[in-house]
K.L.:
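Sending over a structure as structure tokens; questions will come in a sec.
Note that these values count all heavy atoms, side chains included, but never hydrogens, waters or copies made by symmetry. Order of the sequence lines fixes the chain letters, A, B, ..., with proteins taken first and strands second; residue numbering starts at 1 for each chain.
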Number of protein chains: 2
Amino acid sequence: MADVAKVAGVSAMTVSRALREDASVSKATRARVLEVIDDLGYVPDQAAGALSSGRSKLVGMIAPSFTSAMYGAVARGLDATLTKAGLQLFLGFADFQEEREEQALEALLRRRPEAVVLSGGRHTPKAMRMLANASVPVVEFFCAPVSPAHHVVAVDLRAAGRLAVERLAAGGRRSLVVIGESDGLDIAAQERAIGAREAAAEKGFREPTALYGAGAVAPIDFGAHIVGEMLARRPDVDGVVCGNDGVAIGVIAGLRRHGRRVPDDVAVIGFGDHEVGRHLDPALTTIGFNAPSLGVEVGKVLLSAFEAVRAGDEIKPYRLSIGVELVGRDSA
Amino acid sequence: MADVAKVAGVSAMTVSRALREDASVSKATRARVLEVIDDLGYVPDQAAGALSSGRSKLVGMIAPSFTSAMYGAVARGLDATLTKAGLQLFLGFADFQEEREEQALEALLRRRPEAVVLSGGRHTPKAMRMLANASVPVVEFFCAPVSPAHHVVAVDLRAAGRLAVERLAAGGRRSLVVIGESDGLDIAAQERAIGAREAAAEKGFREPTALYGAGAVAPIDFGAHIVGEMLARRPDVDGVVCGNDGVAIGVIAGLRRHGRRVPDDVAVIGFGDHEVGRHLDPALTTIGFNAPSLGVEVGKVLLSAFEAVRAGDEIKPYRLSIGVELVGRDSA
DNA sequence: CTGAAAGCGCTAACAA
DNA sequence: TTGTTAGCGCTTTCAG
């Protein structure tokens, strides 16, 4: 920056101001400085800027993985919103493990983010403590946590479970199974199961059998493999609610191998509305929600939280619910 | 850090040293300092550390998207390797556009990364200039760029095209189409097409028809829709090589709608070996490569480059090729 | 509208 | 093994 200042014949301070939109610099001076910056290929050092101003312009997001489409889509929506506000998104991997999430969070906090976004669920006690100490807005997304750290933007997973069961009931199914893609502690799967149970109770059905497993990493394989257990536990099953479309695809493949036809013998419903569902045979009935807009909503919550802090307003936790909708096709 | 120093009864410098593995601090002092750090919940500020030491401990990676599994898998492999070396991965989105890549790169460079990883292909002239000015190792991955910025870790896409055509030839197919998921300027699709053309020429076949489109964002829908054009351009097609498994799934669905059976009338080969392929009906024949290990290899290249700089060795560009293999199933 | 001084929190280099 | 001094590149604050 000193170089730029010297060449432009101004002080470093003026260069710094020329770089910000709002600062008071004459049009002519700014133009000259920007030209020099372009000539020299100067790129400001944000570490220095952050240290000096106390504003890192960083928002951290920690997701279980970016191998499945959903978290990538959320990140993209969030990134788009933040970029407009001059903030950068810093992504971290939790690998579906609380301990890894804690590590990723600590690594993130070293960069002094102005907000933290992480997937709702359980966190280690140390992670909760770090979040509290960080004294920046925290948003948990996708599923509503038991003890929310701060703001929540969650998909209405209970409604997803309910909608799925209602669809199955309308199709004359009576013996239901709910498959969670993660272990029994996973809150998303539990929420969906609760919704399903409620709807089943309303209809006067026998309680759906809940099946959980470590299918987050390879959902399709998981779905295919769990069919054996499902048929053993509930031989008369005629309706299956799956934790995501991948699991559903696997379940359909598994059922086929076991000689059961979909949807004739068993109806299968997915979750997530992945584009593949439309092109399968049978086309997949699923529960959809808008993942990029979930990210956008998280971004909006963050921006309002910043605004509230700036205005000195009291900050009250947001509780946003993202709606779901049934995408009725052939598998159920 | 001053707080920690005061409580522990040492200087800030000793606290700083206690935090690093190699530094010379007595066992007792380190233990005491670390205890105080834990008590106070102190998390060091890396922006300050970076400014002072000139080492940001950041490696930036810019990928077209993290909505498809591949880039997420590469990022995960890279992250694992870097984390072991005490480096953090900073992810950026290019949204499949050179201009967005340039923006993401500039934003990244403001954080002074110690290396830059980006997907091979074309970059804007300004991006190339910024990369040169940054004077840090640059790795381009997945596909080999026309004018490499520095190191390259590329999948052997020509071999992928060749293997696909050989498989089709072995199955008695003679009239081939190659579908690229991105536009005609996309280097990955071109490389695959070159390999396919070579193999077709060797077999004495008519040159495969190459079809390109903007299918990177929604490959399955793209594959489904391009079938019409494909049948118009090459009515006698009996073998299709697709840019990725998504496109292949779409093509199979599209062919079915047009009344063509797979593999009886037309054989279809995908690319990427996504887990879904195994469970489709017909199961998808595809060309696989190990995406996480591609990320790991990128990480290794980076670490050797750092090592070379440290040792003062001459740095010569790496050219790593990641092998591909045919995963023979039913669709071809 | 522009400049000068001070300092953000840490670490390199040197001293003890 | 530990401490002191200086300064990384920027922005805040205060002067002009």
K.L.:
Taking atom P of C:dC8 as reference, at what distance in whole Å does atom CG of B:Asp3 sit?
P.N.:
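Going from B:Asp3 (CG) to C:dC8 (P), I get 13 Å.
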
K.L.:
Which parts of residues 48-57 of chain B get close to DNA chain D, meaning a heavy atom less than 4.0 angstrom away?
P.N.:
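Heavy-atom contacts with DNA chain D come from B:Leu51, B:Ser52.
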
K.L.:
How long is the gap from NZ on A:Lys57 to CD on A:Gln88, to the nearest 0.5 Å?
P.N.:
10.0 Å

K.L.:
Output the single nucleotide from C:dT11, C:dA4, D:dT2 whose closest atom is nearest the side chain of B:Ser26.
P.N.:
D:dT2

K.L.:
Charged N to carboxylate O under 4.0 angstrom, A:Arg310 versus A:Glu307?
P.N.:
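Answer for the salt bridge query: yes.
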
K.L.:
For side chain to side chain donor-acceptor pair (under 3.5 Å), just list the numbers for A:Glu98 and A:Thr124, CA-CA rounded to whole Å, side-chain angles, deciding distance to a tenth of an Å, and then say yes or no.
P.N.:
CA-CA 6 Å; A:Glu98 286 175 42; A:Thr124 65; 5.9 Å; no

K.L.:
Run A:Arg76 and B:Asp95 through salt bridge (Lys or Arg N to Asp or Glu O under 4.0 Å) and show every step you take.
P.N.:
CA-CA 9 Å; A:Arg76 202 189 164 297; B:Asp95 284 343; 3.1 Å; yes

K.L.:
A:Pro44 has a side chain; which of C:dT11, D:dC10, C:dA4 sits nearest to it?
P.N.:
D:dC10

K.L.:
Please report, rounded to the nearest Å, how far the P atom of D:dC10 is from the CD1 atom of A:Ile37.
P.N.:
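Taking CD1 of A:Ile37 and P of D:dC10, I get 10 Å after rounding.
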
K.L.:
Around A:Gln97, counting heavy atoms of other residues, nucleotides and ligands shown, do more than 12 lie under 6.0 Å from its CD?
P.N.:
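Count over threshold, so yes.
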
K.L.:
Specify the separation, in whole Å, of atom NZ of A:Lys6 and atom C1' of D:dC10.
P.N.:
17 Å

K.L.:
Once you round it to whole Å, what is the distance between P of D:dC10 and CZ of B:Arg110?
P.N.:
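It works out to 12 Å between those atoms.
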
K.L.:
Parallel, tilted or perpendicular: which describes the rings of B:His151 and B:Tyr318, with under 30° parallel and over 60° perpendicular?
P.N.:
perpendicular

K.L.:
Separation of A:Tyr42 atom OH from D:dG9 atom C1', in whole Å?
P.N.:
7 Å

K.L.:
Among A:Ile62, A:Leu89, A:Leu302, A:Val153, find the one that has a side-chain contact (heavy atoms from CB on, under 4.5 Å) with A:Val117.
P.N.:
A:Leu302

K.L.:
Testing B:Leu320, B:Leu78, B:Val74 one by one against B:Leu294 for a side-chain contact (heavy atoms from CB on, under 4.5 Å), which residue passes?
P.N.:
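One option only clears the test, and that one is B:Val74.
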
K.L.:
Grab the CE-P distance between B:Met1 and C:dC8 for me, whole Å please.
P.N.:
14 Å

K.L.:
How long is the line joining CG of A:Asp45 and C1' of D:dG7, in whole Å?
P.N.:
14 Å

K.L.:
Determine the interplanar angle of the A:Phe93 and A:Phe66 rings, folded into 0 to 90°, and report it as parallel if under 30°, tilted if 30 to 60°, perpendicular if over 60°.
P.N.:
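Ring orientation of A:Phe93 relative to A:Phe66: perpendicular.
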
K.L.:
Please report, rounded to the nearest Å, how far the P atom of C:dA12 is from the CE atom of B:Met13.
P.N.:
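Nearest whole value for this atom pair: 7 Å.
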
K.L.:
Between C:dT2, D:dC10, C:dC10, spot the one nearest the side chain of A:Val25, thanks.
P.N.:
C:dT2

K.L.:
So, does the side chain of A:Arg17 form a donor-acceptor pair with the base of C:dG3 at under 3.5 Å?
P.N.:
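Between C:dG3 and A:Arg17, which were checked side chain against base, a qualifying N/O pair under 3.5 Å is present.
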
K.L.:
From the set D:dT2, C:dG9, D:dT12, return the single nucleotide nearest to any side-chain atom of B:Thr14.
P.N.:
D:dT2

K.L.:
To the nearest 10 degrees, how far apart in direction are the end axes of the helix from C:dC1-D:dG16 to C:dA16-D:dT1, each fit to five base pairs?
P.N.:
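Helix axis angle between the two ends: 30°.
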
K.L.:
When all nucleic acid strands are considered with a 4.0 Å heavy-atom cut-off, which category describes A:Ser24: base, sugar-phosphate, or nothing?
P.N.:
base

K.L.:
C:dC10 phosphate, OP1 or OP2: any side-chain N/O from B:Ser16 under 4.0 angstrom?
P.N.:
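Result: no.
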
K.L.:
Between B:His123 and B:Glu101, does a side chain to side chain donor-acceptor pair (under 3.5 Å) hold up when you go through it step by step?
P.N.:
CA-CA 8 Å; B:His123 313 292; B:Glu101 182 186 69; 2.6 Å; yes

